[in-house]
Amino acid sequence: MSATFKKIAFLTPRAGLDEAGFREYWEQIHGPLVGSAPGYAQWRWRYIQDHPIEPGPDNAGTFAFSGIAEFWLPPQSRSETDYAQSPVYRDRIAPDEDRFIDKSATLALRAQEQVLLRGDGPVKLMRLGKWSAGITPTQLAELHEEMGALGLTAPLSDWRVDHVVPGSTRLPGAETATGLEFDYVETLRFAAQADAADHLAAAAPLRARVFDRPATTLVVRERVYFANGVFAG
């Protein structure tokens, strides 16, 4: 099976736009504009927005951005430099980004998604941080099995880990940037926030072998605009 690669963007509002104005524009205007763009499926097969609601139950770090955008890349996708030069981005998406995003403070990275548990749930928790040591997908799969044997995965309905590609941090488009240092973006789904707190507390000793602490942990509200090559907004 081919690897699933993603682009994950961390957004900052442009000067003069408050948090409420940024969120409204991003969700109501920009999201549908991107998801309905002709030819968009050449470059992305899924696009969602993650709107931060509150810090997660084990949050120990600050989050300096106003939102997270996740883009799944099609198999055999062309480079992000090609995407930045494409008509769909250059003529439609990029000009709209300028209306609400501070591009000098908005960063993106490329990651490989590892699905440990596939499902759904109303509570989406995102954790961003660095590995406690050099970690491979096989070691994460083994951690999943060990946690499952102890009953620690019972509250989880979905569990994915995005392995950040070193040196892939960029500004919108394709310009290389620095300043965002994550090894992973972890996504967990639960039926209730109490389940998230219980899981993280119970699994903390095992998790500490892999995931660092502190890490930024966020409860987010997800909005899907493009899925399986079709506008879903």
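Reckoned from all heavy atoms, side chains included, excluding hydrogens, waters and symmetry mates.
Formation of a donor-acceptor pair under 3.5 Å by the Ser157 side chain with backbone atoms of Arg189 is found in this model. Checking side-chain atoms of His199 against main-chain N and O of Leu152 turns up a donor-acceptor pair under 3.5 Å. In this structure, the side chain of Ser132 engages the main chain of Phe211 through a donor-acceptor pair within 3.5 Å.
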Exercise. Where do Thr12 and Phe22 land on the side chain to side chain contact (heavy atoms under 4.5 Å, CB included) test, with the steps shown first?
Worked result: CA-CA 9 Å; Thr12 299; Phe22 165 83; over 6 Å; no
For this session: Dump the intermediate steps for side chain to side chain contact (heavy atoms under 4.5 Å, CB included) on Leu109 and Phe10, then the final yes or no.
Result: CA-CA 9 Å; Leu109 52 81; Phe10 301 85; 3.8 Å; yes
Exercise. So Glu113 and Arg46, salt bridge (charged side-chain N to carboxylate O under 4.0 Å, His left out) or not? Walk me through it.
Worked result: CA-CA 13 Å; Glu113 181 184 61; Arg46 184 172 173 83; over 6 Å; no
For this session: Step by step, work out the salt bridge (charged side-chain N to carboxylate O under 4.0 Å, His left out) result for Lys6 and Glu80.
Result: CA-CA 11 Å; Lys6 296 172 62 177; Glu80 288 301 286; over 6 Å; no
Problem set entry | Arg118 and Arg160: CA distance, side-chain angles, deciding distance, side chain to side chain contact (heavy atoms under 4.5 Å, CB included) verdict | CA-CA 8 Å; Arg118 191 182 300 275; Arg160 302 162 190 254; 3.7 Å; yes
Exercise. Between Thr106 and Phe65, does a side chain to side chain contact (heavy atoms under 4.5 Å, CB included) hold up when you go through it step by step?
Worked result: CA-CA 8 Å; Thr106 290; Phe65 301 92; 5.8 Å; no
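Around the CD atom of Glu24, the shell of radius 6.0 Å holds no more than 12 heavy atoms that belong to other residues, nucleotides or ligands.
For the atom pair CD1 (Ile8) and CE (Met126), the distance works out to 6.0 Å, reported to the nearest 0.5 Å. Interatomic distance, Arg23 CZ to Asp18 CG, rounded to the nearest 0.5 Å: 11.0 Å. If you take OH on Tyr40 and CZ on Arg92, they are separated by 11.0 Å, rounding to the nearest 0.5 Å. For the atom pair CD of Glu142 and OG1 of Thr136, the computed distance is 7.0 Å after rounding to the nearest 0.5 Å. Here the straight-line distance linking atom CD of Glu145 with atom OG1 of Thr153 works out to 10.5 Å at 0.5 Å rounding. Atom CG of Leu33 and atom CZ of Phe231 lie 9.0 Å apart (nearest 0.5 Å).
A single hydrophobic cluster is not seen to contain both Tyr83 and Trp72; linkage of ILVMFWY side chains at heavy-atom distances under 4.5 Å, directly or through other members, places them apart. Transitive grouping of hydrophobic side chains (ILVMFWY, heavy atoms separated by less than 4.5 Å) brings Val220 and Val185 into a common cluster. Note on Leu116: it clusters hydrophobically with Leu125, by side-chain heavy-atom contacts below 4.5 Å among ILVMFWY residues. Clustering ILVMFWY residues whenever any of their side-chain heavy atoms sit less than 4.5 angstrom apart, transitively, puts Ile101 in the very cluster that holds Leu17. The hydrophobic clustering, which links ILVMFWY residues whose side-chain heavy atoms are closer than 4.5 Å, places Ile29 and Phe100 together.
Across all their heavy atoms, Gly129 and Ala215 have their closest contact at CA-CB, 4.4 Å. The nearest pair of heavy atoms linking Phe63 to Pro52 is CE2-CG, 4.2 Å. Counting all heavy atoms, side chain and backbone alike, Ala201 lies closest to Pro205 at O-CD, 4.3 Å. The minimum heavy-atom distance linking Pro13 with Ser66 is given by the pair CD-OG, 3.2 Å. The two residues Ala37 and Val88 have their closest heavy-atom pair at CB-CG2, 3.5 Å. Between Pro155 and Phe190, the closest heavy-atom pair is O-CD2, 3.4 Å.
Proximity of His30 to Arg99: side-chain heavy atoms (C-beta onward) are nowhere separated by under 4.5 Å. By the 4.5 Å heavy-atom criterion applied to side chains, Val34 and Tyr225 are not counted as neighbours. The shortest distance between side-chain heavy atoms of Leu206 and Leu150 falls below 4.5 Å. Inter-residue side-chain proximity for Leu117 and Asp158 is flagged as unmet; no heavy-atom pair is nearer than 4.5 Å. With a 4.5 Å cut-off on side-chain heavy atoms, Leu73 and Trp45 do not count as touching. Considering only heavy atoms from C-beta on, Asp162 stays 4.5 Å or farther from Phe182 through its side chain. At least one side-chain heavy atom of Ile68 sits less than 4.5 Å from a side-chain heavy atom of Leu218. Side chains of Gln139 and Val210 form no contact here, defined as non-hydrogen atoms less than 4.5 Å apart.
For residues 123-134, every residue pair satisfying the salt bridge (charged side-chain N to carboxylate O under 4.0 Å, His left out) rule, not counting sequence neighbours, is listed here: Asp50-Lys124, Asp58-Arg127, Glu70-Lys124, Lys124-Glu222, Arg127-Glu186, Lys130-Asp183.
Annotation: side chain to side chain contact (heavy atoms under 4.5 Å, CB included) contacts of Ala69 (sequence neighbours excluded): Ala9, Trp26, Tyr47, Phe71.
Of the candidates Phe5, Trp131, Tyr184, Trp131 is the only one forming a ring-ring contact (aromatic ring centres under 6.0 Å, His included) with His163.
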